[in-house]
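Heads up, the thing below is written out as structure tokens.
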Amino acid sequence: MASTAAASSGWLRGKVKAVTSGDCLVIMGSTRAEIPPEKTITLSSLMAPRLARRGGVDEPFAWESREFLRKLCIGKEVTFRVDYTVPSIGREFGSVFLGDKNLALLVVAEGWAKVREQGGNQKGEASPYLSELLRLEEQAKTQGLGRWSKEPGASEAAIRDLPPSAIGDPSNLDAMALLAANKGKPMQGIVEQVRDGSTVRVYLLPEFQFVQVFVAGIQSPSMGRRAPVETVAEPEAASTNEANGDASAEPRPLTTAQRLAASSASSNEVAPDPFGREAKHFTETRVLHRDVRIVLEGVDKFSNLIGSVYYPDGDSAKDLALELVEHGLAKFVEWSANMMEEDAKRTLKTAELKAKKDRLRIWTNYIPPVTNSKAIHDQNFTGKVVEVVSGDCVIVADDAVPFGSPLAERRVNLSSIRSPKLGNPRRDEKPAPYAREAREFLRTRLIGRQVNVSMEYSRKVGTVDGPVPTTAAADSRVMDFGSVFLVSSSKVDGDDAAPAPATGNQPAGTNIGELVIARGFGTVIRHRDFEERSNYYDSLLAAESRAIAGKKGIHSARDPPVMHITDLMTTSAKKAKDFLPFLQRSRRLPAVVDYVLSGHRFKLLIPKETCSIAFALSGVRCPGRDEPYSQEAIALMRRKILQRDVEVEVETCDRTGTFLGSLWEGKTNMAVALLEAGLAKLSSFGADRIPDFHLLTRAEQSAKSQKLKIWENYVEGQEVANGSTAGNRKQEVLEVEVTEVLGGGKFYVQATKDQKVSSIQQKLASLNIQEAPLIGSFNPKKGDIVLAQFSADNSWNRAMIVNTPRGPVESPTDSFEVFYIDYGNQEVVPYSRLQTIEPSMASAPGLAQLCSLAFIKVPSLEDDYGQEAAEYLSDWTLNSSKKLKAMIEDRDNSGGKLKGQGTGTVLIVTLVDVETESSINAAMLQEGLARLEKRNRWDKRERQTTLDQLEEFQEKAKKERLNIWCYGHVESDDEDSGPPVAKKTGGRRP
């Protein structure tokens, strides 16, 4: 077929993408398109030796010819133009310049190609530099360069001895043997073909083994299936035609069978996946016809080679897998990544996460999964560690928050790590292996030490463990996570995490999370995509790798040391007393403060005797938990001694099994510290046993003179008890409304002038609840505060769950027993009449205050005349318009902070009608529905007159044999140790 000369269209610029033979190049256009246009240019008037196809044989010097041109210009900018075309074979012939050097001249001068003077029947099918090419060819022949070598046997030696190709015939390659011989070793190779972005075909040098390698750890989009092309014109074939003087020779036409096969294949064609072409082009521009290093990682079940591919980039080498993932052209594949080193695997995973966040290419429409974590910003602070909760949780006192504030201490869970669980003795859960060791490891290094805290994220977790769906908000809590850095490293010398200087946003010091992981006391959490994590996640993973390699802690095969601790706080008082001689053998015993129960009472671990004890300071009493300054006393002891190494001197053991004695932290007697701060009172009981009693007396006197804390109202000569005077006592009086009568002289009141009452009532009145809760939307548990709809008037009120049905809620009619914390009454309501409550409303204390009548003992509901007494009390208080005041005579704290009907702190009061100044206490004595308590319970000097008057009312009822006196004298039994179980007898609506 006649050829037509192509008119010159001017010089173009581009970059050499591939070199297919010693006279043929593929050049990319210099455009900003992601896949720029390409041209395959054969150097005009040249014929290079033909490279062998699969199973064939090279022409002499074919490989050396291609290598000369490849090394000369691959990946470099060139200037070129098309000199002429041969349409019959679809080839373009041209001149290519590298800088100012003509590639054709360079190839011929080195003897790597022959010059063809003219082809075809048309003029112009020749290089414009033909005469120069001919001159250089003669010169190369004369000098015996390249293919013109005159050495004997040179031609035969320049033919490659190619082993059978493994591509298309896996039996030609023993993949496992190749892996075993080269596992982890870099192998030199040249990429001959890119099948898709993550699959390359490579000549392994120097044996020229032609193999296909799947890039480890990733997978690029598929290139689909393409139908076979009807005419195939290989560059090598074209060169051969030209060498035979027939540049216009046409390829053979396909047979009928071949055309039918091609038609069938075309109907099964599958288009490339999105970004498949871009991924392939990306790989081609970096590795095609380049020298690469192949590191074999493994072999799959089909004997396919899996390996890492590294290509040169200036003076460094780049990882093809990482580059593809970073540019959003491949995804991370777990199964093949598992063949790689942990660091490389981790790097790929991190790169994929960033590409997803940036929504690059294949992740353009990526929708991140819903997570239960949220980043925390600008919440860094400095403070001292006051408690180590576990191997992955500490409590830090914020230096910027005033001492005594509820926000002074912050719980910090260490980011992205998990230590063994300590278990829960109440649920009979034993500590996991190395859980105690992990906490002790941190305790000895952190307690009382200055740290920098970098808060990073918060996460909603279930009340049991693990992440929860957002619909389970009522059964979850939010935990804050951060990285903690120990400022001073004096106690971590020899540990596996070295102190680091401050760089960027990272505080100076030792990362505690890294320290825990490096010692094998925890593992790094494998976060889900888009889940927040530690800012130092890579350092944590590296530390974990070191711990695993060193078989430390939980990664070792050894069992942790076993230490059996006898907890004397859970045993009988008799067994505790049996330990007293052992605890008194040494004058001072080393101990660790496990827990601060109150300002003067603690739980101590005595390592020498392998026991835990309840311990109280002799001769010192701090305010009770519901009294002023009790929390400050606890906070002071938490700061001073919690989890510290201390010394104790045990003096005796009381009837409850609590050991009494003195406690020192360093050289400081902690009883003296409490007294000096005005947070405790000195008792003369057992003063003869206290070795430093004179120091205690001096400390208390100092606090009195400065009127500190509990002594703020102190007047010389008057005794003070927790903020209220007892000598010239100003009695506390409240205006109240009785809301519920329980019986036994106990009832609930609301303070009528308390602003909290009206505030809570307004908030409740503003609620607009129309629908019952969906089954499973929340699962109230015993002790939870909820909204409950009162059955009498359908009003919504704050209530505490007292009892729940067994098992999960399955029906709206499942019953819950609730206690209305603002009124004191109790009832059973169905699940449909419960709702969740705002945290701000739930946290406000209940408005109902439990009271008991002072000086008298009222029969309980189960006793004779108990029901009548309760009804009389109800009629006197609930069914009248009386304005009442409660005169507080005493407080009973024996109920502690327990909630529920008939429990909690009890105010011992005289309940008086404001108008008549008559009291219900006297009225019930007069009606024979109560009797006087023993006089020795009350202060005789102060209440003598009151008791005498009340005794007159009792004597009158006795003479008239009213109610309880109907059979004469009533035996005076011992006082009840606790309130009876109350029955509902009436009450105002919540």
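As the structure is a prediction and not an experimental result, all values here were calculated from the model.
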On a heavy-atom basis, which atom in Val215 and which in Ala321 lie closest, and how many Å separate them?
CG1-CB, 3.6 Å
Closest non-hydrogen contact found for Leu348 with Ala216 is CD1-O, 4.2 Å
Would you say the side chain of His527 lies within less than 4.5 Å of the side chain of Lys349, judging by non-hydrogen atoms?
no
Side chains of Met187 and Gln209: does their closest heavy-atom pair fall under 4.5 Å?
no
Minimum heavy-atom separation for Trp363 to Gly328, with atom names?
CD1-CA, 4.3 Å
Can you tell me if Lys356 has over 12 outside heavy atoms packed within less than 6.0 Å of its NZ?
yes
Give a yes or no on whether the backbone of Glu77 and the side-chain of Arg13 come within a donor-acceptor separation of less than 3.5 Å.
no
Are the side chain of Ser454 and the backbone of Ser483 linked by a donor-acceptor contact shorter than 3.5 Å?
no
Contact check, side chains of Phe381 and Val412, non-hydrogen atoms, under 4.5 Å:
yes
When rounded to the nearest 0.5 angstrom, what is the spacing between CZ in Phe441 and CZ in Phe521?
6.0 Å
Output for pair (Asp538 CG, Leu540 CG), nearest 0.5 Å, gives 9.0 Å
Leu515 vs Leu486, test: side chain to side chain contact (heavy atoms under 4.5 Å, CB included). Steps then yes/no.
CA-CA 10 Å; Leu515 196 62; Leu486 185 59; 5.9 Å; no
Looking at Ser165, is its backbone amide N or carbonyl O close enough to the side chain of Asn172 to form a donor-acceptor pair, meaning the two atoms are under 3.5 Å apart?
yes
In chain order, what residues pass the side chain to side chain contact (heavy atoms under 4.5 Å, CB included) check against Gln379, with sequence neighbours excluded?
Ile376, Arg410, Met455
Do the ring planes of Phe97 and Trp11 sit parallel (below 30°), tilted (30 to 60°) or perpendicular (above 60°)?
perpendicular
Check whether any side-chain heavy atom of Val299 lies under 4.5 Å from a side-chain heavy atom of Met339, and answer yes or no.
no
Residue pair Met223 / Gly276: nearest heavy atoms and the distance that separates them:
SD-O, 3.4 Å
Pairing of Glu34 and Arg361 as salt bridge, 4.0 angstrom limit:
yes
Nearest-0.5 Å distance that lies between atom OG in Ser30 and atom CG in Leu12
9.0 Å
For the CG atom of Asp392 and the CD1 atom of Ile525, what is their distance to the nearest 0.5 Å?
8.0 Å
Write down the atom of Asp480, the atom of Ser458, and the distance for their closest heavy-atom approach.
OD1-CB, 3.4 Å
When you measure from the side chain of Asp358 to the backbone N and O of Leu360, does any donor-acceptor pair fall under 3.5 Å?
no
Look only at the side chain of Arg290 and the backbone of Val191, and say whether a donor-acceptor pair between them is shorter than 3.5 Å.
no
Taking atom CG as the centre, does Asp313 end up with more than 12 heavy-atom neighbours from other residues, nucleotides or ligands that are less than 6.0 angstrom away?
yes
Looking at Ser416 and Val524, would you say the former's side chain and the latter's main chain have a donor-acceptor pair under 3.5 Å?
no
Tyr203 six-ring face occupied by Arg160 cation (under 6.0 Å, within 45°)
yes
Side-chain contact, heavy-atom cut-off 4.5 Å: Asp343 with Leu541?
no
Can you tell which of Leu324, Val295, Ile294 makes a side-chain contact (heavy atoms from CB on, under 4.5 Å) with Val309?
Ile294
Whether Glu456 and Arg533 form a salt bridge (side-chain N of Lys/Arg under 4.0 Å from carboxylate O of Asp/Glu) is what I want to check.
no
Distance-only, no hydrogens or angles: does the His327 side chain make a donor-acceptor pair with backbone N or O of Glu323 under 3.5 Å?
yes
How long is the span from the CG atom in Leu72 to the CG atom in Leu98, to the nearest 0.5 Å?
5.5 Å
For residues Phe214 and Phe302, establish whether the separation of their ring centroids is below 6.0 Å.
no
Test item: Gln212 and Arg201 side chains (from C-beta on) under 4.5 Å apart, heavy atoms
yes
For Arg277 and His281, run side chain to side chain contact (heavy atoms under 4.5 Å, CB included): C-alpha distance rounded to whole Å, both residues' side-chain angles, the deciding distance at 0.1 Å, then the answer.
CA-CA 6 Å; Arg277 290 189 178 94; His281 175 75; over 6 Å; no
Atom OG of Ser539 and atom CG of Asn511: how far apart are they, to the nearest 0.5 Å?
7.0 Å
Is it true that a side-chain atom of Asp273 and a backbone atom of Ser222 form a donor plus acceptor pair closer than 3.5 Å?
yes
In sequence, state the C-alpha distance, the side-chain angles, and the governing distance for Asn452 and Thr382, and then conclude on side chain to side chain donor-acceptor pair (under 3.5 Å).
CA-CA 5 Å; Asn452 293 322; Thr382 300; 3.0 Å; yes
Which class fits the ring pair Tyr457 and Phe481: parallel under 30°, tilted 30 to 60°, perpendicular over 60°?
parallel
Backbone of Gly197 reached by a side-chain donor or acceptor of Thr283 within 3.5 Å:
yes
Answer yes or no: is there an ion pair linking Glu38 with Lys17, defined by an N-O contact shorter than 4.0 Å?
yes
Hey, can you tell me if Phe208 and Trp63 have their rings parallel, tilted or perpendicular (30° and 60° cut-offs)?
perpendicular
Take atom CZ of Arg526 as the centre, draw a 6.0 Å sphere, and report whether it contains more than 12 heavy atoms from other residues, nucleotides or ligands.
yes
Arg66 side chain to Ala62 backbone, donor-acceptor under 3.5 Å:
no
Over all heavy atoms of both residues, which pair between Ser220 and Ser198 is shortest? Give the atoms and the distance, please.
N-OG, 3.1 Å
Would you indicate whether Arg346, at its atom CZ, is surrounded by more than 12 heavy atoms from other residues, nucleotides or ligands within a distance under 6.0 Å?
yes
Quick one: do His289 and Thr20 satisfy side chain to side chain contact (heavy atoms under 4.5 Å, CB included)? Show the steps, please.
CA-CA 8 Å; His289 293 166; Thr20 58; 4.2 Å; yes
Look at atom NZ of Lys183 and say whether more than 12 heavy atoms of other residues, nucleotides or ligands are closer to it than 6.0 Å.
yes
Stepwise side chain to side chain contact (heavy atoms under 4.5 Å, CB included) test for Thr523 and Ile554:
CA-CA 9 Å; Thr523 56; Ile554 61 177; 3.5 Å; yes
Carboxylate-amine/guanidinium contact Lys552 Glu437, below 4.0 Å
no
Looking at side-chain heavy atoms only, is the closest gap between Glu67 and Arg70 below 4.5 Å?
yes
Would you mind checking if Lys345 and Glu297 are paired as a salt bridge, meaning a charged N to carboxylate O distance below 4.0 Å?
no
For atom CZ of Arg359, is the number of surrounding heavy atoms from other residues, nucleotides or ligands below 6.0 Å larger than 12?
yes
Contact check, side chains of Pro164 and Asp169, non-hydrogen atoms, under 4.5 Å
no
